[in-house]
Protein chains: 2
Amino acid sequence: MQQFTQNKLTPATDEQFVLDHQLCFMLYSASREMTKLYRPLLEKLDLTYPQYLTLLVLWEQNGITVKELGQRLYLDSGTLTPLLKRMETQGLLSRQRDKTDERKVIITLTQRGHSLKEEARCIPSALYSQAGQSPEVLARLFADMKELLAHLHQANLRQN
Amino acid sequence: MQQFTQNKLTPATDEQFVLDHQLCFMLYSASREMTKLYRPLLEKLDLTYPQYLTLLVLWEQNGITVKELGQRLYLDSGTLTPLLKRMETQGLLSRQRDKTDERKVIITLTQRGHSLKEEARCIPSALYSQAGQSPEVLARLFADMKELLAHLHQANLRQN
DNA sequence: CTAAATTCAATTGTGCACAATTTAAAATGG
DNA sequence: CCATTTTAAATTGTGCACAATTGAATTTAG
C-alpha cells in the first residue's frame with residue numbers, strides 16, 4: 001500500500017507537493033530564465049546580471065557605501081566585495097575607504113562606468129518587448145511582485 | 001552639463017533605469033527572499049532549496065533520467081551532476097546507468113528519500129502562510145508568473 | 001555496414017549567494 | 001578615559017548556475 005502511493009504510474013498525487021503548482025518554483029525558474037534573456041545583451045558590455053544591477057544602483061546614486069549598495073540589492077559584503085573587485089579591475093568603478101569613517105568603503109563610478117549607461121540604453125525596452133506580455137499584465141505582475149517582495153523581506157527580518 | 005545629469009543630487013532620473021521599477025529585479029530579489037524563507041525549514045531536513053525541488057520532482061516521478069529531471073527544473077547536467085552526487089552521498093537517491101541506453105543515468109529514490117516526503121509535509125503550507133498575501137492575490141500572481149515563465153522559456157529557446 | 005552526426009552525462013572554469021568568522025574602526029557606557 | 005559593544009567590510013568555505021568542452025554511446029545517412 002505504501003508502495004502503491006509511491007508508484008510513478010499512480011495519478012493520486014500529493015497536490016501540495018506538485019512542482020508546477022509551487023509559486024516558489026515559478027519565481028526561481030522565471031528569475032533564471034529572465035537572467036538568461038539578459039545575458040546576450042549584457043555580454044556585449046562585458047557585464048554579468050548582478051554587475052548590471054549594481055550599475056543601475058550606482059547610476060542612480062554614485063558614491064554610496066558597500067553597505068548601502070547591499071541594502072538596495074539585498075546582498076551582503078560576502079557577495080559584493082568580490083563582485084566590486086572584479087568591476088574595479090575592469091575599470092568601471094573605484095573602491096576607497098571613507099576618510100571620516102575608515103570602516104566604510106565608498107564606491108565611485110569611473111568615466112567608463114558612467115559611459116556604459118549610454119551603451120545600455122536599449123536594454124530595458126528590449127527586454128520588456130521580449131517578455132511577450134501585455135503592458136496591463138506586466139503592470140499588474142510588477143505591482144503584485146513588489147508587494148510580495150516587501151512581505152517576504154519583512155518575514156525574513158522577523159526570523160532574525 | 002554632462003556632469004549635471006550624473007550628479008547624485010539631481011532628481012532627473014532615467015525612468016527606464018530605476019532599479020525598483022525593473023520587473024527583473026523584483027523576480028531576482030523575490031526569488032532569493034523566498035529561498036531564504038525556506039532555509040530554516042529545509043535545514044532541519046539537511047536539504048538545500050535546489051535539492052528540495054529535486055525531491056519534489058522525484059516524489060512525482062521516481063526513476064527518471066538526469067535529462068528529464070533537468071527539463072522539469074530548467075537545469076543542465078553541469079548543475080545536476082554534482083547536486084545529485086551530494087544527494088547520493090546523503091543516502092537520498094541512487095544513480096545508475098540505464099542498461100538499455102548507457103548514455104542515460106537513472107535517478108531512483110532510496111527508502112530515506114521516500115520517507116523525507118512525510119517529514120516535509122508541513123513545509124508548503126507553512127510557506128504560503130508566511131507569504132502574507134491573500135489567496136486571491138497569490139492565485140493571480142501564480143497564474144501570471146506561470147504565463148511569464150512560459151513566454152521567457154520560449155524566448156530563450158528562440159535565441160538558440 | 002560504417003562514417004558522421006547526435007545525444008547524454010560528466011568535467012572544467014568562472015561568478016555569484018550566503019552562512020560564519022575575522023579584523024579593524026567607531027560608538028557607547030561606566 | 002578606557003573597556004565593552006556595535007558596525008562595516010573582508011575572508012573562508014560550501015553549493016549552486018551555466019557556458020564550454022570532453023568522452024562515450026547511440027542514431028542516422030550514405
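Each chain gets a letter, A, B and so on, in the order the sequences are listed, and its residues count up from 1.
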**Asked** With a non-hydrogen cut-off below 4.0 angstrom, is Leu80(B) in contact with a base, only sugar-phosphate, or nothing?
**Response** nothing
**Prompt:** Under 3.5 Å, is there a donor-acceptor pair linking the side chains of Arg72(A) and Gln61(A)?
**Reply:** yes
**Asked** Expressed in angstrom and rounded to an integer, what is the separation of Leu75(A) atom CG from dA19(C) atom P?
**Response** 11 Å
**Message:** Nearest whole Å is fine: how far is dT28(C) C1' from Arg103(A) CZ?
**Reply:** 12 Å
**Prompt:** Would Met34(B) and Ile123(B) show up in the same hydrophobic cluster when neighbours are defined by side-chain heavy atoms closer than 4.5 Å?
**Reply:** yes
**Fill in**
Ordered by number, residues from residues 85-99 of chain A within less than 4.0 Å of DNA chain D (heavy atoms) are Lys85(A), Arg95(A), Arg97(A)
**Prompt:** Side-chain contact, heavy-atom cut-off 4.5 Å: His151(B) with Gln154(B)?
**Reply:** no
**Prompt:** Does Leu138(B) belong to the same Ile/Leu/Val/Met/Phe/Trp/Tyr cluster as Val18(A), with side-chain heavy atoms less than 4.5 Å apart forming each link?
**Reply:** no
**Asked** What nucleotide among dA9(D), dC18(D), dC18(C) has an atom nearest to a side-chain atom of Val105(A)?
**Response** dA9(D)
**Asked** For the side chain of Thr65(A) and the backbone of Val105(A), is there at least one donor-acceptor N/O pair under 3.5 Å apart?
**Response** no
**Asked** What is the distance from atom CG of Leu56(A) to atom CD of Gln51(A), rounded to the nearest 0.5 Å?
**Response** 12.5 Å
**Message:** Regarding Thr35(A), tell me which of base, sugar-phosphate or nothing describes its non-hydrogen contacts under 4.0 Å with the strands shown.
**Reply:** nothing
**Prompt:** Of the non-hydrogen atoms in Thr81(B) and Arg95(B), which two are nearest, and what is the gap between them?
**Reply:** CG2-NH2, 4.3 Å
**Request:** Figure out the CG/P separation between Asp76(B) and dT12(C), and round it to whole Å.
**Result:** 16 Å
**Prompt:** What pairs meet the side chain to side chain donor-acceptor pair (under 3.5 Å) rule with one or both residues in residues 34-44 of chain A, with sequence neighbours excluded?
**Reply:** Glu33(A)-Lys36(A)
**Message:** Which is more 5' along DNA chain D, the nucleotide nearest Thr100(B) or the one nearest Gly78(A)? Just name the residue.
**Reply:** Gly78(A)
**Message:** Does this structure show an ion pair linking Asp14(A) with Lys117(B), if we count only N-O contacts that are shorter than 4.0 Å?
**Reply:** yes
**Item:** Qualifying ring pair (Phe, Tyr, Trp, His ring centres under 6.0 Å) pairs, either residue in residues 72-100 of chain A, two or more places apart
**Value:** Tyr74(A)-His153(A)
**Asked** Quick one: is dC8(C) close enough that its OP1 or OP2 comes under 4.0 Å of any side-chain N or O from Lys104(B)?
**Response** no
**Prompt:** With respect to the phosphate group of dA17(C), does any side-chain polar atom (N or O) of Thr79(A) fall under 4.0 Å of OP1 or OP2?
**Reply:** no
**Prompt:** Which nucleotide in the set dT6(D), dA17(D), dT11(D) lies at the smallest distance from any side-chain heavy atom of Arg32(A)?
**Reply:** dA17(D)
**Asked** Which string of ( ) [ ] | and . matches DNA chain C, if you list each base 5' to 3' and count Watson-Crick or G-U pairs only when both distances are under 3.5 Å?
**Response** ||||||||||||||||||||||||||||||
**Near-strand residues of residues 40-51 of chain A, defined as heavy-atom separation under 4.0 angstrom from DNA chain D** = none
**Item:** Donor-acceptor pair under 3.5 Å, Ser77(B) side chain vs dA10(C) base
**Value:** yes
**Message:** On DNA chain D, does the nearest nucleotide to Glu33(A) precede the nearest nucleotide to Val66(A) from the 5' side, or the other way round? Give the residue.
**Reply:** Val66(A)
**Request:** Could you identify which residues of residues 147-158 of chain A place a heavy atom less than 4.0 Å from some atom of DNA chain D, listed by residue number, or say none?
**Result:** none
